S.K.: 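Pasting a structure here, questions to come.
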Amino acid sequence: MRVFSLIDGNNFYVSCERAFNPKLERRPVVVLSNNDGCVVSRSNEAKALGIKMGVPLFQIQALVEHHAIAVLSSNYSLYGDMSQRVMTTLAQFSPDQEVYSIDECFLSIDQASPTALLEYGTVIRQTVKRCTGIPVSLGFAATKTLAKLANRQAKQGDSGVYYLSAEQVDSVLAATELRDLWGIGRKLSKALALKGIHNGLDLKQANPVVIRQQFSVLVERLVRELNGDSCLPLETIATGRQSLIVSRSFGQPVFTQAHLHEAIASYLSKAAEKLRAQSLTSGMLNIFAASSRYQEEPYSESVSFNLPVATNSTVELLPYAATAAKALFQDGQRFKKAGVVLLDLGPETEQQTSLFDSLSSEKRETLQRLMQTMDQINRKHGTGTLTFAATGLERPWLIKAEHRSSRHTTCWDELVIVKSI
DNA sequence: TCTGGGGTCCTAGGACCC
DNA sequence: TCTGGGGTCCTAGGACCC
């Protein structure tokens, strides 16, 4: 018998910041989303002040000043690198690991006595803390869904480790709101309440067949998982991704087609770079532009392109930025956001050529070498060393990141200085 | 004035085929 | 006015997650 463990970083982004800046300990800290828009990570002290997840910064400005809350822009190169360190450390404890998100993973572990599991969990916690500086919590249980729940329990206790046994499930579920179950969101919790299901225990005791008819196979699976019947296997092999998105809100609204074009060209160029870094190509492209969601009559449109030959070359992709900007631009519209979605992804090595390819294979190889060279230069001398003119020079639409910490672990110029001479 | 970004999966409905 | 049944594939949109 095996049990699942869900391990996640406590207040992950805040913990990454604290790992390199001890001054952030024992005080309220928040990390903001891109463009310094919303709160996406909070220290316990910040949570205690009543700051909610996802709240816009401007709405808590007074609180920030009153309590001297440390406010940080997000620093994804740091978090991504710290995540890798945590995951690598955790992989020592079981050969069966599923990395589920930037800050959490499942491990499958041999069933043992509750005491032994709790001890093992404590060792895992201490090791991760020592090797990376990140505090984590662990929940053990019979299914992934229950392990998520156990992890929630772990966060409420002092030890940071919790084993949810079959005997305890009912009492814990009775005290759990539907919204707090993995897979139940706003809509589903409302819909379930209409059927007389109000908490986790109600859902556990519901008839899975009826639930499937009334809702979906997802909720049916959830009911089974709550009953200890494991329906969600550990996905240890990273499956090939199906899509890749680069989108940003603008630092300032965009009013001209030229600037919209620049932004789209930049995102497209970034997306192509990501494709190449993962040795993938894309066969389909979706480009969108939108006004603020909060304005009177929000605008949001998109255009799609089927590529004649799957590619990851910026040179081949860039012309679509101009076409898209022309199609999406509207005079007088106040653009706040744009993005690029690459779909129909496949491995570079299995490229399907087209009879009607406008480029010769020699030309394709030349282009490929050009891209490789460009990537090498940008890796060595820093992102943005070489760019395409279409991505713009002034770029007034660039995002704001006014409180970003240093990229301590991924950038030579930004290493931690222990002592200045 | 200011309100994130990047994913996955499921379902319904339409197009198309025999 | 009458005008089948069954299947697959694709896409858009919704819901959810972190």
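It should be emphasised that the depicted structure is a prediction, and the values quoted were computed from it without experimental measurement. Naming convention: chains lettered A, B, ... in sequence-line order (proteins, then strands); numbering from 1 in each chain.
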S.K.: Could you tell me how far apart A:M53 (CE) and B:dT3 (P) are, to the nearest whole angstrom?
M.R.: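 Going from CE in A:M53 over to P in B:dT3 covers 17 Å.
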
S.K.: Would you say the side-chain atoms of A:S74 pair up with the backbone N or O of A:L32, donor to acceptor, closer than 3.5 Å?
M.R.: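 Yes; at least one donor-acceptor contact below 3.5 Å.
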
S.K.: Using a heavy-atom cut-off of under 4.0 Å over every strand shown, decide if A:I102 touches base, sugar-phosphate, or nothing.
M.R.: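 The residue A:I102 makes no contact with any strand.
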
S.K.: Do A:Q333 and A:Q295 have side-chain N/O donor and acceptor atoms under 3.5 Å apart?
M.R.: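 Side-chain D/A pair, A:Q333 to A:Q295: present.
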
S.K.: Counting only side-chain heavy atoms from C-beta out, which of B:dC2, B:dC9, C:dC17 sits nearest to A:Y100?
M.R.: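 The closest nucleotide is C:dC17.
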
S.K.: For C:dA15, take OP1 and OP2 only and decide whether either is under 4.0 Å from a side-chain N or O of A:R186.
M.R.: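 Negative; the distance criterion is not met.
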
S.K.: Would you say A:S216 reaches C:dA15's phosphate, i.e. side-chain N/O to OP1/OP2 under 4.0 Å?
M.R.: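 Negative; the distance criterion is not met.
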
S.K.: Please classify the nucleic acid contact of A:N34 as base, sugar-phosphate, or nothing, using heavy-atom distances under 4.0 Å.
M.R.: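 Sugar-phosphate, no base atom in range.
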
S.K.: Look at the side chain of A:R221 and decide which nucleotide, out of C:dC18, B:dT8, B:dC10, has an atom nearest to it.
M.R.: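 In terms of side-chain proximity for A:R221, the closest of C:dC18, B:dT8, B:dC10 is B:dC10.
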
S.K.: Once you measure the plane-to-plane angle for A:F335 and A:F329, does it fall in the parallel (<30°), tilted (30-60°) or perpendicular (>60°) bin?
M.R.: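 Rings of A:F335 and A:F329: parallel, under 30°.
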
S.K.: Looking across every strand, which nucleic acid part, if any, lies under 4.0 Å from A:E104 by heavy atom: base, sugar-phosphate, or nothing?
M.R.: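 Counting heavy atoms under 4.0 Å across all strands, the contact made by A:E104 is with sugar-phosphate only.
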
S.K.: Figure out the CZ/P separation between A:F58 and B:dG4, and round it to whole Å.
M.R.: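 After rounding, the gap between these two atoms is 10 Å.
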
S.K.: A:F4 vs A:F106 aromatic rings, parallel, tilted or perpendicular, using cut-offs 30° and 60°?
M.R.: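 Answer is perpendicular, since the angle exceeds 60°.
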
S.K.: Would you please confirm or rule out a distance under 4.0 Å between OP1 or OP2 of B:dT3 and any side-chain N or O of A:Q295?
M.R.: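 False: A:Q295 side-chain N/O out of range (4.0 Å or more) of B:dT3 OP1/OP2.
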
S.K.: Report the nucleotide, chosen from B:dT8, B:dC10, B:dT1, that has the shortest atom-to-atom distance to any side-chain atom of A:V217.
M.R.: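 Ranking B:dT8, B:dC10, B:dT1 by closest atom to the A:V217 side chain puts B:dC10 first.
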
S.K.: Using the side-chain heavy atoms of A:Q242, tell me which of these nucleotides is nearest: B:dG5, B:dC9, C:dC18.
M.R.: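 Closest of the options to the side chain of A:Q242: B:dC9.
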
S.K.: If you check the A:R334 side chain, which of B:dT1, B:dG6, B:dT3 turns out closest?
M.R.: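 For the A:R334 side chain, the nearest candidate turns out to be B:dT1.
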
S.K.: Should A:Y294 be counted as stacked on B:dT3, where stacking needs a ring-centre gap under 5.5 Å and an angle between planes under 30 degrees?
M.R.: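 A:Y294 ring centre within cut-off of B:dT3 base, planes near parallel; stacks.
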
S.K.: I would like to know whether A:C38 and A:Q59 meet side chain to side chain contact (heavy atoms under 4.5 Å, CB included); could you show each step before the answer?
M.R.: CA-CA 9 Å; A:C38 301; A:Q59 283 177 10; over 6 Å; no

S.K.: Tell me the interatomic distance from A:R212, atom CZ, to B:dC9, atom P, rounded to whole angstroms.
M.R.: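 From A:R212 CZ to B:dC9 P: 16 Å.
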
S.K.: If you compare every side-chain N and O of A:S243 against the phosphate oxygens of B:dG6 (OP1, OP2), does one of them come in below 4.0 Å?
M.R.: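 Result: no.
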
S.K.: Need one value for A:L181: base, sugar-phosphate or nothing, where a base atom within 4.0 Å counts as base even if backbone is also close, heavy atoms only.
M.R.: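 Sugar-phosphate contact only.
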
S.K.: On DNA chain B, does the nearest nucleotide to A:F215 precede the nearest nucleotide to A:K274 from the 5' side, or the other way round? Give the residue.
M.R.: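 The residue whose closest nucleotide sits nearer the 5' end is A:K274.
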
S.K.: Would one find a side-chain N or O of A:R293 under 4.0 angstrom from OP1 or OP2 of B:dG4?
M.R.: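 So the side-chain polar atoms of A:R293 do come within 4.0 Å of the phosphate oxygens OP1 or OP2 of B:dG4, strictly under.
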
S.K.: If pairing requires Watson-Crick or G-U wobble contacts with both distances under 3.5 Å, which nucleotide is the partner of B:dA12?
M.R.: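 The answer is C:dT11, by the H-bond criterion.
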
S.K.: Please state whether the rings of A:F93 and A:Y120 are parallel, tilted or perpendicular, taking 30° and 60° as the class boundaries.
M.R.: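 Because their plane-to-plane angle is over 60°, the rings of A:F93 and A:Y120 count as perpendicular.
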
S.K.: Which nucleotide in the set B:dG4, C:dA15, B:dG5 lies at the smallest distance from any side-chain heavy atom of A:C38?
M.R.: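 The listed nucleotide nearest to A:C38's side chain is B:dG4.
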
S.K.: Taking only side-chain N and O atoms of A:K336, does any of them lie within less than 4.0 angstrom of OP1 or OP2 on B:dG4?
M.R.: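 It does not, given that no N or O in the side chain of A:K336 lies less than 4.0 Å from OP1 or OP2 of B:dG4.
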
S.K.: If you assign A:E235 and A:S247 each to the DNA chain B nucleotide with the nearest heavy atom, which residue ends up on the more 5' nucleotide?
M.R.: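 This one resolves to A:S247.
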
S.K.: When all nucleic acid strands are considered with a 4.0 Å heavy-atom cut-off, which category describes A:D103: base, sugar-phosphate, or nothing?
M.R.: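 Since only primed, P, OP1 and OP2 atoms lie under 4.0 Å of A:D103, the category is sugar-phosphate.
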
S.K.: Looking only at side chains, do A:E348 and A:N312 share a donor and an acceptor under 3.5 Å apart?
M.R.: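 Side-chain D/A pair, A:E348 to A:N312: present.
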
S.K.: Name the closest nucleotide to the A:L218 side chain, picking from B:dG5, C:dC18, B:dC9.
M.R.: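 That would be B:dC9.
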
S.K.: If you look at every strand shown and take non-hydrogen atoms under 4.0 Å, does A:L32 touch a base, only sugar-phosphate, or nothing?
M.R.: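 No contact.
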
S.K.: Heavy atoms only, 4.0 Å cut-off, all strands: where does A:L188 land among base, sugar-phosphate and nothing?
M.R.: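 Sugar-phosphate, no base atom in range.
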
S.K.: Indicate whether OP1 or OP2 belonging to C:dC18 is found under 4.0 Å from a side-chain N or O atom of A:K148.
M.R.: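 The answer is yes; a side-chain N or O of A:K148 sits under 4.0 Å from OP1 or OP2.
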
